[in-house]
Amino acid sequence: MSSSKKVRVRFAPSPTGGLHLGGVRTVLYNYLFAKLHGGEFVLRIEDTDQKRFVEGAEDYIFQCLGWCGLQPDESPRHPGAYGPYRQSERKHLYFQYAQKLIDDGYAYYAFDTPDELEEMRKRFKTSSNPTPQYDQVTRMQMRNSHSLSPEKVTELLGVGTPYVVRLKMPQNTTISMVDMVRGEVSFETDLVDDKVLLKADGMPTYHLAVVVDDYLMKITHAFRGEEWLPSAPVHLLLWKYLGWEKEMPQWAHLPLILKPDGHGKLSKRDGERLGFPVFAMDWTDPNTGEKTIGFKERGFLPEAFINFLALLGWNDGTEQEIFSLDELIAHFSMDRVHKGGARFDFEKAKWFNHQYLLQKDNESLAKMIQPFIANNGFSANQEYLVKVVGLIKERCHLLSDFWAQGHFFFRSPENIDIDAISEKWNETKQSFFSTWSESLANISTWDHQNIEQVFTRQMTESGLKKGDVLLPLRIMLVGGKYGPGVFEIIEMIGREQTQQRVSTALIKLKA
RNA sequence: GCCGCGUUGGUCAAGGGGUUAAGACGCCUCCCUUUCACGGAGGAAUCACGGGUUCGAAUCCCGUACGUGGUACCA
């Protein structure tokens, strides 16, 4: 490890939409690594593709990082000494490096239009080579500063012909590197194409930008998704050609997060299909108006979300699964990151959240569920909510579950599972409930112990057993076979609500 | 197609020549609770396949299969 240099890592998203869970995990690993080594975590915005710019996406990224508690040390909003932090604002920096590569013979001008490229791919396409590349075999048949005479090139440049700059891949060379998670990996240059470095609009592609920026920003460790591994040789070559080989960061290509079922990388469509979030927070596409739900709004605690993500592809070798952020920092190491992709498991994610929910005190939980109750059109004071939380939290996995598990604390149940009691219903029960309900008016001390005592006495007098009446009572009150103790519910919802719900049910049962 | 990377129960995974192959989620059974959940006790379930190397392979090597990623003037 480069011991002398201060550790600097970066997360470099392109602001094109919601922040994917895999992106958050990449941020997390960057963050953990940086903090563990007393380094700096920088956020750089990769907005070199102006066609894909999405309004609000950058702001959204900041919000997500804020919610997760993974604040960058340097970013467009808190610039350090290496700004600007948006590639679009760094546009002027890249040309000189492209020029240097051309001057040194490592890159060249290419004048081919998009149509010509398409034509080439069509022309060389065979069944054994379905996607022909712009490479050493096709290079000389295209219009570029290798195939054209110097005079022609000068002329084309002179009249302002649009051009791109391409990297000239060397022949018959093996390029290898040591990846922090995979060990040594190698590539044959003959199989890599001449990547575009500078686009016709003067913007760099990712390939040039990532190298130039990582160099200029003194990045020491570069972590990214495994999908980048195939283009690693391009980047390796660039570091070398630009003469910065000794400054090159150490790479780590992180395993992908895969769909829970079927094939491929997890996408937001899977979330919609299977009913779970994929983005960190709600994201509304400003162009289509399409809204995608986030972990936050679905009821996750950020600590749980982070903890779950950390363990998806990494573990510290012990049996510990619950880690605070500080513990994660202390225990994290890149060489314990898995090589293989991990399937996303929403059930496990919910389990983590449940663990964190249980750790929270009722006061703070009550505050947190406030918006979820409000979403359903109800509200309650903090004191009441604290009690509700205390009664139902162990049966909630997500903050949003508090409504499903406790809606009856706020209103009469919309539906009553009458079938569950009607079969064994009889006149004795009917009259017992009727008189008991009325007698509620006489209870002086309104607490669940007392209510239960009275209930039990009357029940016995009527010749009934708990098994006969407890379930019916529960269903009258909450609507179904779930929830905390019935007498605690009665204490909470009060005399009138109880009487009302019982009488409503009694009418239905009689009919 | 080609190239890269990968492969331990359904899922996350420990284990890196000799283990009864951990643990967690989920699932099932039982206990607790006359609901559900929590909690407790159990259970089913795994080294992709084929060849080597070795006294001995989940562990090392080779091949195959499968998965996954890439193959853009997108990142």
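Each chain gets a letter, A, B and so on, in the order the sequences are listed, and its residues count up from 1. The structure displayed is predicted, hence computed values, not measured ones.
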Pair [X] and [Y], ring centroids less than 6.0 Å apart:
X	Y	answer
A:Tyr109	A:Tyr163	yes
A:Tyr206	A:His235	yes
A:Phe402	A:Phe372	no

Identify which nucleotide among [options] has an atom closest to any side-chain atom of [X], counting heavy atoms from C-beta outward.
X	options	answer
A:Lys199	B:A75, B:C25, B:A72	B:A75
A:Ala342	B:A13, B:G1, B:C38	B:A13
A:Arg52	B:G15, B:A75, B:U35	B:A75
A:Glu394	B:C73, B:C38, B:A13	B:C38
A:Gln133	B:C5, B:U71, B:U68	B:U71
A:Leu191	B:G4, B:C2, B:U35	B:C2
A:His263	B:A72, B:U68, B:G15	B:U68
A:Thr205	B:C25, B:U35, B:C73	B:C73
A:Asn315	B:A72, B:A13, B:A75	B:A13
A:Asp345	B:C38, B:G10, B:C5	B:G10

Assign [X] to base, sugar-phosphate, or nothing according to its heavy-atom contacts below 4.0 angstrom with the strands shown.
X	result
A:Glu46	sugar-phosphate
A:Arg121	sugar-phosphate
A:Val185	sugar-phosphate
A:Gly264	sugar-phosphate
A:Ser186	sugar-phosphate
A:Gly340	sugar-phosphate
A:Asp112	base
A:Lys393	nothing

Integer-rounded Å distance: [N] [atom2] and [X] [atom1]:
X	N	atom1	atom2	answer
A:Phe352	B:U11	CZ	C1'	12 Å
A:His338	B:G67	NE2	C1'	16 Å
A:Phe323	B:A13	CZ	P	13 Å
A:Met459	B:U34	CE	P	11 Å
A:Met169	B:U71	CE	P	14 Å
A:His20	B:G69	NE2	P	11 Å
A:Lys350	B:U11	NZ	P	18 Å
A:Arg474	B:U35	CZ	P	8 Å

My understanding is that a pair needs two contacts under 3.5 Å, Watson-Crick or G-U wobble. By that rule, which nucleotide pairs with [N]?
N	result
B:G16	none
B:G10	B:C25
B:A58	none
B:U68	B:G4

With rounding to the closest Å, how many angstrom separate the [atom1] atoms on [N] and [M]?
N	M	atom1	result
B:C30	B:G70	P	48 Å
B:C25	B:A13	P	16 Å
B:G10	B:G18	C1'	30 Å
B:A58	B:G50	C1'	16 Å
B:C47	B:G9	P	7 Å
B:C49	B:A41	C1'	39 Å
B:C32	B:C38	C1'	10 Å
B:U53	B:G63	C1'	15 Å

5' priority, RNA chain B, between A:Leu198 and A:Val181 [closest heavy atom]: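 Checking each residue's closest nucleotide, the 5'-ward one belongs to A:Val181.
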First encountered from the 5' end of RNA chain B, between A:Gly313 and A:Thr318: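 Mapping each residue to its closest nucleotide by heavy atoms, the 5'-most match is A:Gly313.
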Given the ring of A:Tyr482, does A:Arg395 sit roughly above its face, with NZ or CZ under 6.0 Å from the centre of the six-membered ring and within 45° of the axis?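 Verdict for A:Tyr482: no cation-pi partner in A:Arg395.
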Between A:Arg182 and A:Glu226, is a salt bridge (Lys or Arg N to Asp or Glu O under 4.0 Å) present by the stated rule, with each step listed? CA-CA 10 Å; A:Arg182 285 149 218 285; A:Glu226 190 188 342; 3.8 Å; yes
Mind checking whether A:Tyr60 and A:Phe279 have parallel, tilted or perpendicular rings, split at 30° and 60°? perpendicular
Respond yes when some side-chain nitrogen or oxygen of [X] is under 4.0 Å from OP1 or OP2 of [N], and no when none is.
X	N	value
A:Lys339	B:G4	no
A:Lys265	B:U68	no
A:Ser14	B:C74	no
A:Arg166	B:C73	yes
A:His207	B:A75	no
A:Asn129	B:G1	no

Distance-only donor-acceptor test (3.5 Å): side chain A:Lys195, base B:A72: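 By the distance-only test, no, there is no pair.
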Salt bridge [X]-[Y], side-chain N to carboxylate O under 4.0 Å:
X	Y	result
A:Arg121	A:Glu118	no
A:Asp201	A:Lys51	no
A:Asp49	A:Arg52	yes

Checking A:Asn362 side chain against A:Val389 main chain: does a donor-acceptor pair fall under 3.5 Å? no
